[in-house]
Number of protein chains: 2
Amino acid sequence: MNSSESSDEGGRPYHHGDLRNALVDAAATLAEEGGPDAVTIRAAARAVGVTPTATYRHFANQADLLHAAKHEAMDRLAGTILDLLASEKPAPHPAEAAVQRLAAAGRGYIRFALAQPGLFRTAFLRPHSGDAHPSTEISAILAEAPPYAFLTTVLDDLRAAGWLAPELRPDAETAAWAAVHGLAVLLVDGPYGDCPDTERDRLINATLGMVVRGLSGGPASDAPLNAE
Amino acid sequence: MNSSESSDEGGRPYHHGDLRNALVDAAATLAEEGGPDAVTIRAAARAVGVTPTATYRHFANQADLLHAAKHEAMDRLAGTILDLLASEKPAPHPAEAAVQRLAAAGRGYIRFALAQPGLFRTAFLRPHSGDAHPSTEISAILAEAPPYAFLTTVLDDLRAAGWLAPELRPDAETAAWAAVHGLAVLLVDGPYGDCPDTERDRLINATLGMVVRGLSGGPASDAPLNAE
DNA sequence: CGTTAACTTTGCAGATGTTAACTTTCCTTA
DNA sequence: TAAGGAAAGTTAACATCTGCAAAGTTAACG
């Protein structure tokens, strides 16, 4: 008689009710602890307390589950950045404020990478060849990587404030993103793996400084950069 | 009577003679095609035409083999950069020449990443916790990542030529490296995965431009970068 | 001729993804 | 309100991969 009880009282109901989300959460937790490789059908099912095959009611296969975990990870990265941006009090001068926000976004990005290396790696897993829609639209990049949106906004502000040189605007997102992402990767996985906190902060500042300086027009705008 | 033949004539000799190197090569090839995950004891042994257990005469375990593959990958990356640097004819002006070499190194770095994504990922595998000697010495970084050496040299030249602002010198390696590495990662694994060649070149130029500009002292050297 | 290094055979123990067929529950419909 | 179909689980099983250890075999070398 108690078999259909969906409230408390012993055995969980036959129907989970929200299994898909539960699996995504479990997958995220697995990624958090063991990186992308830890995201397996069986482990996720085990974590939720469900049979492996039940997973196939909600995901086509393991790649599909991993894909969901990737999106979840990316969302959390975006959330961390947003939180940090929201907690900043803008500087009075517009240009200063924009620069400050750019730096804050970068710091949030790196902070997330350091705090959640497993999720960070998962968020930037190479897209499984097969779900590739060959659209080169910016919207595609944006959908794949929400942080891009903040960058665009901040850089527009920076441009409006007269800091960012007009001719540098087009690919500024990429350049700034590359620097921040690269530093994050080097700190998390790379040779800077175990690096004292104080030195790490210095490196972050140096890199952000280079970005800010490199995006402003300056005496070096006509650098002799020969394409190959 | 022919069983001990080490020359041609049919069956390979019982003793391989250079199994360790052969396995490293095989591991590199595996990494080339399938990334780090493809580097397994059995696959490497299979590729060489040897029993899996034979591997244990030369490597302690799978992690050890993978470690060797990682070093091999890093060496090839360094080789690619060196080759490209060697083929550049230096510009007359010292500063120009230094900037040119910095850009060339960056291009070589990214070129390798795009041409050999599997090896590139393998080269920057996070160091397996356990072989971590907590030395923060620069020499450690250098040993782990030969490209660092070129960077140091080039940046010294840049400094000597008066381009690189003195106060920016200390962490210039990291900042420049971060930008180039980040772009490489974004292009190989990240959202820029399938990106038309022409756009890709533009992004590379934009990023390298930012680096060069960002390392020179300029009007923006006193950017309002508040530490957190 | 014997010691020893290099390699093979055999085999275990543990993962994984995925399919097929069955069962329980819910929800709609007559 | 009872029936019946569809949805969401479960059990069982297959095929395949992995690392690794123990013990035997081959050949090289002093």
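No hydrogens, no waters, no symmetry mates; every other heavy atom, side chains included, goes into these values. It should be emphasised that the depicted structure is a prediction, and the values quoted were computed from it without experimental measurement. Residue numbers start from 1 in every chain, and the chains themselves are labelled A, B, ... in the order their sequence lines are given, proteins ahead of strands.
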Find every protein N or O atom lying less than 3.5 Å from an N or O atom of nucleotides 9-11 of chain C, and list the pairs.
residue : atom : partner : partner atom : Å
C:dT9   : O4   : B:T53   : OG1          : 3.1

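- More than 12 heavy atoms of other residues, nucleotides or ligands shown are found within 6.0 angstrom of CZ on A:R200.
- Listed by first and then second residue, the side-chain hydrogen bond (donor to acceptor under 3.5 Å, both in side chains) pairs that reach into residues 173-191 of chain A are A:Y109-A:W177, A:Y109-A:H181, A:R121-A:D189, A:T152-A:E173, A:R169-A:E173, A:T174-B:Y192, sequence neighbours excluded.
- In terms of the salt bridge (charged side-chain N to carboxylate O under 4.0 Å, His left out) criterion, residue partners of A:R76 (sequence neighbours excluded) are, by chain and number, A:E32, A:E72.
- Atom CG in B:L19 sits roughly 13 Å away from atom C1' in C:dA5 (whole-Å rounding).
- Following rounding to the nearest Å, B:L23 (CG) and C:dC7 (C1') show an atom-to-atom distance of 12 Å.
- Here the side chain of B:T40 is nearest to one of D:dT18, C:dC7, C:dT18, namely D:dT18.
- Taking atom CG of B:N21 as the reference point, atom P of C:dA6 lies 13 Å away to the nearest angstrom.
- Comparing C:dT8, D:dT18, D:dA8 against the side chain of B:R46 picks out D:dT18 as the nearest.
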Please determine whether side-chain contact (heavy atoms from CB on, under 4.5 Å) holds for the pair B:R101 and B:E88, giving the CA-CA distance in whole Å, both sets of side-chain angles, and the decisive distance to 0.1 Å. CA-CA 8 Å; B:R101 288 179 56 208; B:E88 292 268 316; 5.9 Å; no
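- Regarding A:I41, its CD1 atom lies at a distance of 14 Å from the P atom of D:dG9, rounded to whole Å.
- The phosphate of D:dG9 has OP1 or OP2 within less than 4.0 Å of a side-chain N or O from A:H58.
- Applying the 4.0 Å criterion to OP1 and OP2 of C:dT19, one finds that A:Y56 has every side-chain N and O outside that range.
- What separates CG of B:D18 from C1' of C:dC7 is a distance of 15 Å, to the nearest Å.
- Atom C1' of nucleotide C:dT18 and atom CG of A:D64 are separated by 14 Å, given to the nearest angstrom.
- DNA chain D is contacted by both B:N61 and B:R57; B:N61 maps to the nucleotide lying nearer its 5′ end (nearest heavy atom per residue).
- Taking B:N61 as the reference, nothing meets the side chain to side chain donor-acceptor pair (under 3.5 Å) condition, with sequence neighbours excluded.
- If you measure from atom CG of A:L65 to atom C1' of C:dG17, you get 12 Å, rounded to the nearest angstrom.
- Under 4.0 angstrom from either OP1 or OP2 of D:dA7 there lies no side-chain N or O belonging to A:R20.
- In this structure, B:R20 has no salt bridge (charged side-chain N to carboxylate O under 4.0 Å, His left out) partners at least two apart in sequence or on a different chain.
- Here B:F112 pairs with nothing under the ring pair (Phe, Tyr, Trp, His ring centres under 6.0 Å) rule; sequence neighbours left out.
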